[in-house]
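This is a predicted model, so every value here is computed, not measured.
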Amino acid sequence: MPDANIRIPEEARDRLAAIAAAEGMSLRGYLAHLAQSLLTPAERAERAEQARAALNEWNGYAPTPGEQEDLDDELDRRLAVVSGR
């Protein structure tokens, strides 16, 4: 497969290269690994739906859209607390 060129700020490149080196990888290998390990928004939504379906089948968990929004808000609040935002 041919390589692609991606233009990013030098500081970002250097940071990614340092992270890759710390993992014992080349920058090229690290970026390829990263691309394979991250989920697209559509993939995340699909997995979330699969998890909801499994929970519903297992124990009847079926939040309403309003309950789901409240749960999402609570998760966002907790993530903000632990990340210092």
Non-hydrogen side-chain atoms of Ile19 and Leu27 separated by less than 4.5 Å: no

Between CD on residue Glu11 and CG on residue Leu16, distance to nearest 0.5 Å: 11.5 Å

Taking every non-hydrogen atom, the tightest pair across Arg44 and Leu39: NH1-O, 2.8 Å

Considering all heavy atoms, the nearest Ala20-Ser26 contact: CB-O, 3.6 Å

Could you pull out every donor-acceptor pair under 3.5 Å between side chains of residues 48-60 and any protein atom, sequence neighbours left out?
| residue | atom | partner | partner atom | Å |
| --- | --- | --- | --- | --- |
| Glu49 | OE1 | Arg52 | NE | 3.4 |
| Glu49 | OE1 | Arg52 | NH2 | 3.3 |
| Gln50 | NE2 | Glu46 | OE2 | 3.4 |
| Asn56 | ND2 | Tyr61 | O | 3.1 |
| Asn59 | OD1 | Tyr61 | N | 3.0 |

For Glu74, all residues meeting side chain to side chain contact (heavy atoms under 4.5 Å, CB included), sequence neighbours excluded: Arg77, Arg78

Straight-line distance of Leu31 CG to Arg13 CZ, nearest 0.5 Å: 12.0 Å

Atom pair CD1/CG of Ile6 and Asp3 - distance to nearest 0.5 Å: 10.0 Å

Glu67 side-chain N/O to Thr64 backbone N/O, donor-acceptor pair under 3.5 Å: yes

Side-chain donor/acceptor of Glu43 to backbone N/O of Thr40, under 3.5 Å: yes

Within one Ile-Leu-Val-Met-Phe-Trp-Tyr cluster: Met25 and Ile8, side-chain cutoff 4.5 Å: yes

